[in-house]
Amino acid sequence: MEKTVSEAIAHRRSVRVFRDDVELDTEKVQKCIENAVLAPTSSNLQLWEFYHVIEKDKLKKLTEACLDQNAAKTAQQMVVVVSRKDLWRKRAKSNVAFLENTYGHKPEKEYSRREKFALNYYKKLIPTVYFDVLGILGWIKYLIFSVIGLFKPVYRQVRRSDMRIVAHKSAGLAAQNFMISMAAIGYDTCPMEGSDTLRVKRILNLPPVAEINMVIGCGIRAENGVYGKRFRIPFKEIYQKV
């Protein structure tokens, strides 16, 4: 029986040691990745990829790339969450195709104002924000938008570094969806930021522009798999009602 959302959140811990006598159902893990892609994502661009690693040879290589952490050494499977800011053109075109199919293919003049806005968002606004050359255009756009921002609210995250952060935030939201989904079915995970990301990309044959968001070890927790009780800063210190 699957856990409720609250139960899954409470159950999820960063498990450092997984059992070696219980194998995960690969299809169930894949279903959790399908849940991951339902996470909110900036402009619905979905600038992510998920690599579900089950091959023993690749798991061994990834363990080395993850600095031989116990969470990697004992993982039954791994999921590598990859940020792909470079795919913004392809993803924008996919959104345009989806919208045109939803609205019905018709002459441009027959689109409603709302429909035109949605289409132009991907045809014009997204290229304006994402297109860059060596980071130079990003700074030019940033200065222009900063001047506009003196007179009215304006979107300011237009530099190349800003767009990287946007893509990684979306990937992180998807990763959390995945881990909570795993917890809901009694599977455990450990998100690992400590890794040689260049080696991880080489193992997965990723292009240089791809960026590793995190590597997630997957399995069933051993008795000593959780290193101590959960600690969180007191809620009253981090919660502000305004």
Side-chain angles (χ1 to χ4, degrees), residues 5 9 35-50 81-180 191 193 197 207-214 232-242:
V5 173
I9 291 173
N35 287 343
V37 303
L38 298 179
T41 166
S42 179
S43 296
N44 200 35
L45 288 179
Q46 304 167 56
L47 299 175
W48 51 41
E49 289 179 335
F50 302 85
V81 184
V82 181
S83 175
R84 293 298 305 270
K85 181 178 72 70
D86 59 298
L87 296 179
W88 67 266
R89 291 182 182 86
K90 182 178 180 181
R91 300 292 197 255
K93 288 181 180 178
S94 295
N95 273 281
V96 170
F98 171 78
L99 290 173
E100 289 178 338
N101 185 61
T102 300
Y103 299 152
H105 295 276
K106 51 191 176 183
E108 185 175 350
K109 64 181 180 180
E110 293 184 15
Y111 285 118
S112 68
R113 183 177 180 181
R114 179 176 176 276
E115 291 170 343
K116 287 180 180 178
F117 176 84
L119 289 168
N120 286 331
Y121 184 89
Y122 292 103
K123 290 181 177 180
K124 298 179 180 180
L125 182 59
I126 290 299
T128 297
V129 173
Y130 274 86
F131 182 72
D132 202 352
V133 178
L134 300 176
I136 298 173
L137 286 180
W139 275 102
I140 294 174
K141 288 183 287 187
Y142 177 76
L143 292 173
I144 293 173
F145 286 11
S146 293
V147 172
I148 296 174
L150 295 174
F151 306 98
K152 63 178 182 180
V154 65
Y155 186 72
R156 300 169 188 267
Q157 284 66 47
V158 292
R159 293 167 295 185
R160 183 162 61 177
S161 58
D162 295 328
M163 305 321 296
R164 285 184 62 244
I165 292 172
V166 169
H168 276 284
K169 283 194 295 185
S170 290
L173 289 170
Q176 183 70 352
N177 256 27
F178 169 71
M179 290 186 284
I180 295 301
E193 288 190 282
T197 55
V209 289
E211 296 187 346
I212 305 303
N213 181 265
M214 68 180 76
R232 288 294 183 270
I233 300 298
F235 186 67
K236 65 181 180 180
E237 289 188 27
I238 55 89
Y239 175 71
Q240 303 291 333
K241 184 183 291 185
V242 298

Mind checking the [atom1]-[atom2] spacing from [X] to [Y]? Nearest 0.5 Å is all I need.
X: N44; Y: N95; atom1: CG; atom2: CG; answer: 4.5 Å
X: M163; Y: S42; atom1: CE; atom2: OG; answer: 6.0 Å
X: K106; Y: E115; atom1: NZ; atom2: CD; answer: 4.0 Å
X: I212; Y: E49; atom1: CD1; atom2: CD; answer: 9.5 Å

Identify the heavy atoms of [X] and [Y] that sit nearest to each other, and give their distance.
X: N177; Y: N35; result: ND2-O, 3.0 Å
X: L87; Y: L47; result: C-CD2, 3.8 Å
X: F178; Y: A36; result: CB-CB, 3.8 Å
X: Y130; Y: K85; result: CE2-CG, 4.2 Å
X: S170; Y: W48; result: O-CZ3, 3.4 Å

Are side-chain N/O atoms of S112 and Y103 paired as donor and acceptor at under 3.5 Å? no

Taking side chain as C-beta onward, heavy atoms only, is [X] less than 4.5 Å from [Y]?
X: I140; Y: L137; answer: yes
X: R91; Y: Y122; answer: no
X: Q46; Y: V37; answer: no
X: Q176; Y: M179; answer: yes
X: F50; Y: V81; answer: yes
X: W88; Y: S43; answer: no
X: T41; Y: L173; answer: no
X: L125; Y: N120; answer: no

State which residues pass salt bridge (Lys or Arg N to Asp or Glu O under 4.0 Å) with D132; sequence neighbours excluded, sorted by chain then number.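 D132: no salt bridge (Lys or Arg N to Asp or Glu O under 4.0 Å) contacts found.
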
Flag yes if more than 12 heavy atoms outside [X] fall under 6.0 Å of its [atom1] atom; otherwise flag no.
X: E110; atom1: CD; result: yes
X: E193; atom1: CD; result: no
X: K116; atom1: NZ; result: yes

Can any side-chain N or O of K141 pair as donor or acceptor with the backbone N or O of T128 at less than 3.5 Å? yes

Sequence neighbours excluded - side chain to side chain donor-acceptor pair (under 3.5 Å) pairs with any residue from residues 145-168: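 For residues 145-168: R159-D162, R164-E211, H168-E211, H168-N213.
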
Aromatic plane relationship, W139 with Y142 - under 30° parallel, 30 to 60° tilted, over 60° perpendicular: perpendicular

